[in-house]
2 protein chains.
Amino acid sequence: MSKNENRRDLLPGTLEMLILQTLCRSALHGYAIAQDIQQASGDLLQIEEGSLYPALQRLLREEWVSAEWGISARNRRVRTYRLTPSGRKQLKHEVTTFGRLLEGIARVMRPLES
Amino acid sequence: MSKNENRRDLLPGTLEMLILQTLCRSALHGYAIAQDIQQASGDLLQIEEGSLYPALQRLLREEWVSAEWGISARNRRVRTYRLTPSGRKQLKHEVTTFGRLLEGIARVMRPLES
DNA sequence: TGCTTTACCTAGATTATCTTTGCCTAGTAT
DNA sequence: ATACTAGGCAAAGATAATCTAGGTAAAGCA
């Protein structure tokens with residue numbers, strides 16, 4: 001009866017960075033953002049819709065992305081998100097912060113190398 | 001008036017791995033674990049006590065660490081934590097998972113390299 | 001005496017993610 | 001016609017992890 005066990009979809013605290021980075025390449029609608037990230041990661045990451053949309057709301061609130069309604073290539077009503085200039089700055093900032101934390105983790109995890 | 005702003009102490013979801021790794025080198029009491037991680041990371045990471053002790057409780061509950069009371073070199077009452085065999089297995093597992101997620105993130109963040 | 005450091009711990013708030021559910025539309029199969 | 005599937009948006013509630021803030025206490029020093 002136990003089913004999924006321990007599988008983790010992504011590293012908490014990195015979703016916004018991933019979204020901003022994805023939008024940095026091209027404006028996309030929500031559903032496509034999730035697919036894009038999953039594909040680009042080679043299926044190592046997966047974005048649940050219940051994580052995605054709240055995250056997009058946060059990004060909108062901070063004005064790091066803008067959104068407008070439109071029609072997709074598949075003829076569906078879509079909301080397309082676009083990186084703002086301030087969002088681009090934020091992306092840079094998050095990349096820096098993430099890199100710093102990662103370096104810290106790396107040092108703790110391999111403490112024996114000079 | 002604004003003071004610290006955005007500073008992040010660590011990457012959510014990595015604390016247990018860091019603790020396990022630290023205890024893998026030697027048994028330590030709680031306070032020392034936090035100091036050790038901070039030092040080993042070159043001050044890039046910082047463990048708040050309000051994060052540390054709940055995390056240690058979780059690790060105890062899962063029996064990934066054991067604990068016993070004693071007296072420190074500074075003559076203070078301390079609770080010393082030690083990695084269990086099952087904790088060592090868990091550490092390996094967490095390292096693997098973390099590596100996988102990291103690889104996924106890396107692919108998303110540098111999509112242009114072949 | 002009082003201050004600082006070391007050391008433990010908990011409660012509550014905050015935040016992020018996941019699970020679940022709901023709604024709607026277009027295209028396709030029956 | 002009807003049903004099913006995929007694409008698309010979003011909110012509600014649960015769960016989990018971290019942070020803020022506090023409280024306890026003992027050792028050592030001024």
Side-chain angles (χ1 to χ4, degrees), chain A residues 2-20 28-39 45-62 65 67-81 94 97-98 101 105, chain B residues 3-20 28-39 45-62 65 67-81 94 97-98 101 104-105:
Chain A
S2 73
K3 37 156 70 100
N4 68 343
E5 202 55 38
N6 233 357
R7 204 183 200 75
R8 262 159 96 186
D9 293 335
L10 51 81
L11 206 50
T14 60
L15 179 55
E16 296 190 1
M17 180 180 73
L18 293 169
I19 293 175
L20 292 175
L28 291 172
H29 63 272
Y31 198 88
I33 294 172
Q35 288 183 321
D36 194 280
I37 290 177
Q38 185 166 350
Q39 273 198 341
L45 305 180
Q46 182 179 346
I47 317 297
E48 302 298 329
E49 297 191 10
S51 310
L52 174 68
Y53 290 107
L56 287 171
Q57 295 305 318
R58 295 195 294 272
L59 297 177
L60 276 173
R61 208 185 314 125
E62 303 285 349
V65 307
E68 57 185 89
W69 287 97
I71 304 290
S72 81
R74 289 186 193 73
N75 203 27
R76 265 171 195 79
R77 203 169 128 276
V78 291
R79 198 173 185 196
T80 297
Y81 296 86
E94 295 207 7
T97 297
F98 179 72
L101 293 175
I105 291 172
Chain B
K3 37 156 69 102
N4 68 345
E5 201 55 37
N6 234 355
R7 201 178 203 79
R8 262 160 96 187
D9 291 336
L10 51 82
L11 206 50
T14 62
L15 178 55
E16 296 191 359
M17 179 180 74
L18 293 170
I19 293 174
L20 292 176
L28 290 173
H29 64 272
Y31 199 86
I33 294 172
Q35 289 183 321
D36 193 280
I37 291 177
Q38 185 165 351
Q39 273 198 343
L45 306 180
Q46 182 180 346
I47 317 296
E48 302 297 331
E49 297 191 12
S51 311
L52 174 69
Y53 290 106
L56 287 171
Q57 295 305 317
R58 295 194 296 271
L59 297 177
L60 276 174
R61 211 184 314 125
E62 304 285 348
V65 306
E68 56 185 271
W69 288 96
I71 303 292
S72 80
R74 288 186 193 74
N75 203 26
R76 264 172 194 77
R77 201 170 130 276
V78 290
R79 198 173 185 193
T80 298
Y81 296 86
E94 295 207 8
T97 298
F98 179 72
L101 293 175
I105 291 172

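Chain letters run A, B, ... following the sequence lines, proteins first, then strands; residues in each count from 1.
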Can you check the [X] [atom1] to [N] [atom2] distance for me, whole Å?
{"X": "A:Glu48", "N": "D:dA14", "atom1": "CD", "atom2": "P", "result": "19 Å"}
{"X": "A:Leu45", "N": "C:dT17", "atom1": "CG", "atom2": "P", "result": "12 Å"}
{"X": "A:Tyr31", "N": "C:dA26", "atom1": "OH", "atom2": "P", "result": "17 Å"}
{"X": "A:Arg61", "N": "D:dA11", "atom1": "CZ", "atom2": "C1'", "result": "14 Å"}
{"X": "B:Met17", "N": "D:dT18", "atom1": "CE", "atom2": "P", "result": "11 Å"}
{"X": "B:Leu52", "N": "C:dC8", "atom1": "CG", "atom2": "C1'", "result": "10 Å"}
{"X": "A:Gln46", "N": "C:dT19", "atom1": "CD", "atom2": "P", "result": "9 Å"}
{"X": "B:Asp9", "N": "D:dA17", "atom1": "CG", "atom2": "P", "result": "17 Å"}

Can you tell me how far apart [atom1] ([X]) and [atom2] ([Y]) are? Round to the nearest 0.5 Å.
{"X": "A:Tyr81", "Y": "A:Leu60", "atom1": "OH", "atom2": "CG", "result": "5.5 Å"}
{"X": "A:Asp36", "Y": "A:His29", "atom1": "CG", "atom2": "NE2", "result": "10.5 Å"}
{"X": "A:Leu28", "Y": "A:Ile37", "atom1": "CG", "atom2": "CD1", "result": "9.5 Å"}
{"X": "B:Glu62", "Y": "B:Gln57", "atom1": "CD", "atom2": "CD", "result": "12.5 Å"}

For B:Arg58, side chain to side chain donor-acceptor pair (under 3.5 Å) partners two or more places apart: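 Expected list: B:Glu16.
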With sequence neighbours excluded, residues passing side chain to side chain donor-acceptor pair (under 3.5 Å) with B:Glu48: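 Per chain and number, B:Glu48 pairs via side chain to side chain donor-acceptor pair (under 3.5 Å) with B:Gln46.
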Selection: residues 71-81 of chain A, any non-hydrogen atom under 4.0 Å of DNA chain D: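 Those residues whose heavy atoms fall under 4.0 Å from DNA chain D, taken from residues 71-81 of chain A in numerical order, are A:Ser72, A:Arg74, A:Arg76, A:Val78, A:Arg79, A:Tyr81.
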Please write out the pairs of protein N or O atoms and N or O atoms of nucleotides 10-16 of chain C separated by less than 3.5 Å, giving the distance to one decimal.
none

With B:Arg76 via side-chain contact (heavy atoms from CB on, under 4.5 Å) - residues at least two apart: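 If we apply the side-chain contact (heavy atoms from CB on, under 4.5 Å) test to B:Arg76, skipping adjacent residues, the hits are B:Ser72, B:Arg74.
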All side-chain contact (heavy atoms from CB on, under 4.5 Å) counterparts of A:Phe98, not counting sequence neighbours: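 Residues passing side-chain contact (heavy atoms from CB on, under 4.5 Å) with A:Phe98: A:Thr14, A:Met17, A:Leu102, B:Leu11, B:Leu102, B:Ile105.
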Phosphate-side-chain proximity, B:Ser51 and D:dA17, N/O vs OP1/OP2 below 4.0 Å: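 It does not, given that no N or O in the side chain of B:Ser51 lies less than 4.0 Å from OP1 or OP2 of D:dA17.
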Minimum side-chain heavy-atom gap B:Leu15-B:Leu52 below 4.5 Å: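 Of all side-chain heavy-atom pairs linking B:Leu52 with B:Leu15, none is under 4.5 Å.
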